[in-house]
Amino acid sequence: MQDIVLYNTITRKKEIFVPIKSPFVGMYVCGPTVYGDPHLGHARPAITFDLIFRYLKFIGYKVRYVRNITDVGHLENDADEGDDKIAKKARLEQLEPMEVAQYYIDRYQKFMDMLNILRPSIEPRASGHIIEQIDMVRKIIEAGFAYEVNGSVYFDVAKYNEKHNYGKLSGRVLDDLLANTRELEGQDEKRNPFDFALWKKASAEHIMHWPSPWSDGFPGWHLECTAMSTKYLGETFDIHGGGMDLLFPHHECEIAQSVAANGKESVKYWLHNNMITINGQKMGKSLGNFITLEEFFTGNNKALTQAFSPMTIRFFILQAHYRSTLDFSNEALQAAEKGLKRLMDGMDTLKKIKPSDNSSVDVEKYFSDCYAAMNDDFNSPIVISILFDAVKTIYSAYDDKEKLTSADIEKLKKLFENFALEILGLNDDTANQYSGSVDGLMNLILALRQNARTNKDYAASDKIRDELAKLGIVIKDTKDGASWSKE
RNA sequence: GGUCUCUUGGCCGAGUGGCUAGGCACCGGUCUGCAAAACCGCCUACUCCGGUUCGAAUCCGGAAGAGACCUCCA
């Protein structure tokens, strides 16, 4: 098993990864709130933790990866008095709330599939775990860290902080928070502005609600993650992931809930991915500066100069380390598109190399370097740079400037299969997706063109090339004859 | 205002106390009937000002700029 070092947000240090019960690994990641179309920002954590999921499995861990779907509970505004987001959307569109949720769940899963993101082991929905959430509220009340007012239940942060440390994850001090807090409307039920809802009584017009010991209402929005992670991964588990923007208050509240309900902290390693920026600013729902994934794939957005394939998006995101901000621009995406093509073409060229009796390249080093990069906090940009080095070697060998034995050629194939395809999850989404008959037709056309070239009938051969180009088919002349690919 | 983070070449982005990733773009060359692809070469950066050091872009201090969180957000 490889020795992984990962950056733990709660200690702000890189730590050696030691699972609680190896070879089993429990990983929980905050998933989407399904009230809008998935955008580029959603792709970042999904791809980041897909990378981690893939790598942990690859090196032999048995991973249970849980990523929730929030289809209830996120409130429309900070006062905790607003409409449930799902419910509000539903009224606007005259649909059942669950119909809206289902629509966006389907959209989310469809686009995540296109990005070649593996489905998690479990994708629990908040609405399906109301019982567990009610149970957790009860536990927290029994422990004395929550109070009921008018059918709503709030977490008593000040009381919790007397015995525990509220703010340890995000580096906040409660007294500082209180000194700087804003006066918000509709907080009159709370004893303290930083108390947060565990259960909210539903108002008359609030469509989504469930019975509970306190009122017909709905769970507070931090609660689902604690309830579901506990249910599926146990009271303690290895990795909890999510976007950096969730650090406070969401993950802070999760810690408080776990400690209050179960008497202990549940998470060993907190991992947070950074944001994607656009013009230097966070791309987010609230700023309205997001570009949806569908818009990327179709190019149908004013900010985009062209469409970008799902694999281009995936490669773009993997080219930055997950803890760095990543700045979106058309130029950066175009660079990713071309870089990915070079990588994929390199893999293809590998098949055409003629083996030598000896090798002039140390192929093993590519493996050890790739492992070292992944083991160092999942450094995908370094892995990619090593793969590009390997591509350079491949082309050099193809041009007879380097030598590779057949065994080393096989190792290089393995390198790309393991790291490019299996771990980074890349694939060639521009690859020929045609049946055998199209292949046959193309081979016929290429043969005719080769005839023309042999006869120096360049008018004919160029016409074939140009006409195919108009159809988006690119001909590549190599020393071993012509090949073709879809643009 | 509070807490925290960042500042790398034309662009995107790694990284390390000295050996200065990678991709894209540009330019020059090889190859090609021409082109594309490929190959070779070229460009050589680390916001600013101090300090520590034989040596710092990398460590420390300060300044400026940008950003994140503090309210829903991936």
d(CZ, Phe388(A); C1', G13(B)) in whole Å: 12 Å
message: Output the rounded distance in Å from CD (Glu252(A)) to P (U71(B)).
response: 13 Å
task: Scan side-chain atoms only and decide if Thr305(A) and Asn330(A) contain a donor-acceptor pair under the 3.5 Å cut-off.
output: yes
task: For nucleotides A25(B) and A37(B), find the distance between their P atoms and express it as a whole number of Å.
output: 9 Å
message: Considering every strand and a 4.0 Å limit on heavy-atom distances, what is the contact class for Ser483(A): base, sugar-phosphate, or nothing?
response: nothing
query: Could you state the NE2-P distance from His251(A) to U3(B), rounded to the nearest angstrom?
result: 24 Å
- request: Determine the contact category for Leu326(A): base if any of its heavy atoms lies under 4.0 Å from a base atom, sugar-phosphate if only primed atoms, P, OP1 or OP2 are that close, otherwise nothing.
  value: sugar-phosphate
query: Side-chain donor-acceptor pair under 3.5 Å between Tyr154(A) and Lys200(A), yes or no?
result: yes
query: Within the modelled atom types, does a donor on one side and an acceptor on the other bring the side chain of Lys392(A) and the base of C39(B) under 3.5 Å apart?
result: no
- prompt: Given that both distances must come in under 3.5 Å, which nucleotide forms a Watson-Crick or G-U wobble pair with A64(B)?
  reply: U7(B)
- prompt: For C40(B), does either OP1 or OP2 sit under 4.0 Å from a side-chain N or O belonging to Ser396(A)?
  reply: yes
query: Which of these nucleotides, A14(B), C70(B), A68(B), is closest to any side-chain atom of Ser324(A)?
result: A14(B)
task: Take His209(A) and Phe218(A) through the test ring pair (Phe, Tyr, Trp, His ring centres under 6.0 Å) and record every step on the way to the result.
output: CA-CA 5 Å; His209(A) 54 86; Phe218(A) 50 93; 8.8 Å; no
- prompt: Whole Å only: how far is the CG atom of Leu318(A) from the P atom of A21(B)?
  reply: 23 Å
Proximity to the side chain of Thr33(A) - top-ranked nucleotide from C73(B), A14(B), C24(B): C73(B)
message: Does either side chain, that of Asp71(A) or that of Tyr104(A), offer a donor lying less than 3.5 Å from an acceptor on the other one?
response: no
task: Would you indicate which nucleotide in A25(B), C69(B), C39(B) comes nearest to any side-chain atom of Lys401(A)?
output: C39(B)
message: If I take atom CG in residue Leu287(A) and atom C1' in nucleotide C69(B), what distance separates them, rounded to the nearest angstrom?
response: 13 Å
Polar contact flag, side-chain donor to acceptor under 3.5 angstrom, Thr393(A)-Tyr366(A): yes
task: Pick base, sugar-phosphate or nothing for Ser461(A), based on heavy-atom distances below 4.0 Å to the nucleic acid.
output: base
task: Pick base, sugar-phosphate or nothing for Lys456(A), based on heavy-atom distances below 4.0 Å to the nucleic acid.
output: nothing
query: Does one side chain, of Asn375(A) or Tyr55(A), offer a donor that lies under 3.5 Å from an acceptor on the other?
result: yes
message: Between the base of A21(B) and the side chain of Asp389(A), is one N or O donor paired with an acceptor at under 3.5 angstrom?
response: no
task: Could you check whether Gly339(A) gets within reach of a base, just the sugar-phosphate, or nothing at all, counting any heavy atom under 4.0 Å?
output: sugar-phosphate
- line: Out of C34(B), A21(B), C70(B), minimum distance to the side chain of Ile382(A) belongs to A21(B)
task: Ignoring backbone atoms, establish whether Asn274(A) has a side-chain N or O less than 4.0 Å from OP1 or OP2 of U5(B).
output: no
message: Taking the C1' atom in each of A21(B) and U16(B), what is the distance between them to the nearest angstrom?
response: 11 Å
field: Euclidean distance for C1', A14(B) against C24(B) (whole angstrom)
entry: 15 Å
message: Reading RNA chain B from 5' onward, which residue's closest nucleotide shows up sooner: Asp327(A) or Leu247(A)?
response: Asp327(A)
- prompt: Can you check whether Tyr458(A) stacks with the G33(B) base, using ring centres under 5.5 Å and planes within 30°?
  reply: yes
Given A36(B), C34(B), G2(B), the nucleotide with the shortest approach to the side chain of Lys476(A): A36(B)
message: Please classify the nucleic acid contact of Arg342(A) as base, sugar-phosphate, or nothing, using heavy-atom distances under 4.0 Å.
response: sugar-phosphate
- line: Closest to the side chain of Tyr395(A), out of A36(B), C39(B), C73(B), is C39(B)
- prompt: Of the nucleotides C69(B), G33(B), A21(B), which has the atom closest to the Asp245(A) side chain?
  reply: C69(B)
- request: Using atom CG of Asp466(A) as one end and atom P of A35(B) as the other, report the distance to the nearest whole Å.
  value: 14 Å
message: Between U52(B) and C60(B), how many Å separate the two C1' atoms, rounded to a whole number?
response: 7 Å
query: Knowing that exactly one of His250(A), His240(A), His251(A) qualifies, which makes a side-chain contact (heavy atoms from CB on, under 4.5 Å) with Leu169(A)?
result: His251(A)
message: Go nucleotide by nucleotide along RNA chain B from the 5' end; which of Ile276(A) and Gln319(A) gets its closest nucleotide reached first?
response: Gln319(A)
message: Considering every strand and a 4.0 Å limit on heavy-atom distances, what is the contact class for His321(A): base, sugar-phosphate, or nothing?
response: sugar-phosphate
A68(B) and C73(B), which share atom name C1', separated by this distance in whole Å: 12 Å
field: Sugar-phosphate only, base, or nothing, as touched by Gln334(A) at under 4.0 Å among non-hydrogen atoms
entry: nothing
message: Rounding to an integer number of Å, can you tell me how far Leu387(A) CG sits from G13(B) P?
response: 19 Å
query: Which nucleotide sits closest to the side chain of Ser385(A): A14(B), C70(B), G22(B)?
result: G22(B)
message: Counting only side-chain heavy atoms from C-beta out, which of C73(B), C34(B), G2(B) sits nearest to Asp462(A)?
response: C34(B)
Test item: side-chain donor near acceptor, Tyr232(A) and His129(A), under 3.5 Å: yes
task: Send over the distance from Leu333(A) CG to C11(B) P, rounded to a whole Å.
output: 17 Å
Rounded distance in Å between the C1' positions of C12(B) and G51(B): 34 Å
task: Return yes if the base of A36(B) and the side-chain atoms of Arg465(A) contain a donor-acceptor N/O pair under 3.5 Å, otherwise no.
output: no
- prompt: Which of the following nucleotides, A25(B), U32(B), C69(B), is nearest to the side chain of Lys338(A)?
  reply: A25(B)
